[in-house]
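Take a look at the structure set out below.
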Amino acid sequence: MEELWQKELLQAAEKEKEQLIAWRRYLHAHAETGFDLPETLDYVEKELKAMGLAPKRCGRAGMIAELGNGNKDNTFLLRADMDALPIREQTESTFAAENGNMHACGHDMHTTMLLGAAKLLKEREKELNGTVRLMFQPAEELLSGAKDMIENGVLESATVTGAMMLHVMSGVEIPVGTAIVAVPGVSAPAADYFTILIKGKGCHGSSPNLGVDPVNAAAHIVLALQEVQTRELSVVERAMLTIGSIQGGEAANVIPDCVVLKGTMRAYREDTREFLKERLVSVAEKTAEVFRASAEVTFSCGCPALKNDAELSARVLEYAKSLLGKQRALGAGELAGGAISGRAEKTGGSEDFSYISEKVPSVMVALAAGTPENGCEYPLHHPEVTFEEEAMPSGSALLAYTALCELGR
């Protein structure tokens with residue numbers, strides 16, 4: 001049966017290529033962020049219903065749909081994230097978003113490929129030895145959507161035996177449509193978003209002695225935090241601490257009352273994560289104090305490290321090689337030199353699918369969808385990033401094939 005599926009699924013997915021492109025371009029042009037996804041949800045719901053499915057809203061802005069033989073004791077979950085980023089698109093695409101948002105992380109591709117997998121599976125529903133649960137998730141960029149859907153039952157009323165997600169890549173020298181299956185264990189770091197409010201005392205720029213300069217304190221805090229990474233962690237301990245936003249003051253001749261720093265930290269080990277959080281608070285508070293200011297640190301959202309189940313990862317790698325061919329399916333450890341970011345077997349970006357991986361055996365699969373020689377030289381989250389839509393049939397077929405194989409074990 002698996003050999004028959006291999007021959008059929010890729011061909012069927014290729015035949016749906018124009019439909020995939022139409023879905024993706026609509027979603028791309030109507031990019032929405034966080035939990036605020038009204039047009040995206042309505043569109044996904046409409047397309048699922050057109051396939052004969054009965055989607056249901058889940059949590060603040062999620063959606064689930066199911067297909068199969070009704071046996072929920074054998075359920076496999078396929079997940080796609082739907083949210084975009086608050087980035088103004090700078091591509092010359094004819095379907096570029098014009099609302100100040102952008103699918104710069106490829107979530108429009110993810111949603112499209114899961115719609116494609118749903119169509120492939122619906123056409124083969126009688127062959128499903130169990131249930132496939134489709135998870136369309138909001139707010140991945142906020143690292144909050146998966147947790148919200150879990151709290152609202154996405155893993156309930158069924159025995160979910162495993163889960164899978166795909167994430168596209170661009171700006172990498174990997175043939176389009178190649179699947180890279182994560183190695184067992186941690187493949188994406190835990191992450192935490194933080195804000196540092198530095199309070200001083202505003203005054204005229206000509207009389208700094210009459211005030212307390214939070215800009216100066218902020219500058220020293222930014223520099224001091226870099227020392228935590230370079231002087232307090234082992235050279236083999238991978239961690240990242242990034243200040244991505246500095247906001248304070250409006251006039252050139254006025255020392256403001258306060259400055260706000262915003263950033264993220266990432267770590268692959270939980271003890272390192274806790275160490276970074278403790279040191280962030282201490283360094284910010286003590287450094288501000290040196291310059292007569294005060295600092296208040298708050299953590300908003302975050303997620304644990306993503307852990308890939310060893311047995312499921314091994315099976316999915318075999319599924320990918322059988323379906324796509326050995327040249328277009330690799331284990332992450334096979335990528336010489338680390339074609340993703342950092343070492344080959346780990347990514348630097350966090351992924352809130354990690355909340356799912358805490359609950360059920362899970363696997364993350366990367367899909368090459370943009371090479372520099374084809375004009376896709378920019379990385380994810382860049383306002384000029386583009387993707388090659390030719391990758392989508394492979395992604396849809398792999399999602400569908402994995403579900404069919406897993407339910408048939």
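This structure is a prediction, so every number in the text was calculated from the model and none was measured.
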Taking only residues two or more places apart in sequence or in another chain, which ones pass salt bridge (Lys or Arg N to Asp or Glu O under 4.0 Å) with E141?
none
Shortest non-hydrogen contact from V176 to G370?
CG2-N, 4.1 Å
In plain terms, say whether E45 and R57 are close enough for a salt bridge, that is, a side-chain N and a carboxylate O under 4.0 Å apart.
yes
Return the CE to CD1 distance between M364 and I180, rounded to the nearest 0.5 Å.
10.5 Å
Residue that, paired with V168, satisfies side chain to side chain contact (heavy atoms under 4.5 Å, CB included) out of M392, M113, E388, H107:
M113
Between E47 and K119, is a salt bridge (Lys or Arg N to Asp or Glu O under 4.0 Å) present by the stated rule, with each step listed?
CA-CA 10 Å; E47 296 304 320; K119 194 170 190 301; over 6 Å; no
Can you see whether Q247 engages S245 through a side-chain donor-acceptor pair at a distance of less than 3.5 angstrom?
yes
Between R273 and A267 the two heavy atoms that sit nearest each other are N-CB, 3.8 Å
Contacts of T287 that satisfy side-chain contact (heavy atoms from CB on, under 4.5 Å) - sequence neighbours left out:
H220, I221, A224, V283, F291
So does D352 pair up with K147, basic N to acidic O under 4.0 Å?
no
Is R315 paired with E318 through a side-chain N to carboxylate O contact shorter than 4.0 Å?
no
Grab the two heavy atoms, one from A163 and one from V360, that are nearest each other, plus how far apart they are.
CB-CG2, 4.0 Å
Distance only, no hydrogens: is a donor on one side chain within 3.5 Å (strictly under) of an acceptor on the other, for S313 and N308?
no
Regarding H110 and E140, is there a side-chain donor-to-acceptor distance under 3.5 Å anywhere?
no
Does a side-chain N-to-carboxylate-O contact under 4.0 Å join K17 and E14?
no
Is the closest side-chain heavy-atom distance between V363 and T402 below 4.5 Å?
no
For the residue pair F299 and V281, establish whether any side-chain heavy-atom pair is separated by less than 4.5 Å.
yes
Taking every non-hydrogen atom, the tightest pair across L155 and K359
CD1-CB, 3.5 Å
Atom pair CG/OG of L312 and S357 - distance to nearest 0.5 Å
11.0 Å
Report yes or no: do R266 and S350 form a side-chain donor-acceptor pair below 3.5 Å?
yes
Is a donor from one side chain sitting under 3.5 angstrom from an acceptor on the other, for E406 and T161?
no
